Amino acid sequence: MVVRKRVFDEAEQAELLLTLAQARKALVHAAERLPRRSVSRAGADRVVANIDELAFLLTGSREHFWEPQHATPGE
């Protein structure tokens, strides 16, 4: 059995997740304004993907920062 040592306490993890959320939001907003096939857009998309991977390591969910899906009323 593998024993995992926590690197961050709960307060540090919450602060890191908040900072990552702000950075991810800014990158998504910037990427929306960049040309689709540009190197800058690819770089921003890669950093967002890396943030999602870090969220997985911290929370167990790669979708931690994703916006909830829109639902149709009555479904």
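All figures in this text were calculated on a predicted structure; none of them were measured in a lab. Hydrogens, waters and symmetry mates play no part in the numbers below; they use all other heavy atoms, side chains included. Residues: numbered from 1 along the sequence shown.
Here the straight-line distance linking atom CG of L16 with atom OG1 of T19 works out to 6.5 Å at 0.5 Å rounding. Remark: E32 CD to R41 CZ distance equals 7.5 Å, nearest 0.5 Å. The distance from atom CG of L17 to atom CD of E10, rounded to the nearest 0.5 Å, is 11.5 Å. The distance from atom CG of D52 to atom CG of L20, rounded to the nearest 0.5 Å, is 10.0 Å.
Across all non-hydrogen atoms, the minimal contact from Q13 to F8 is N-CB, 4.0 Å. Contact record, H64 with A55: CB-CB, 4.0 Å, taken as the closest heavy-atom pair.
L57 has its side chain out of reach of E53: every pair of non-hydrogen atoms, C-beta onward, lies at least 4.5 Å apart. In this structure, the side chains of F65 and V48 stay at 4.5 Å or more apart for every pair of heavy atoms.
Cluster membership check: L34 does not share its hydrophobic cluster with L27, using side-chain heavy-atom separations under 4.5 Å among Ile, Leu, Val, Met, Phe, Trp and Tyr.
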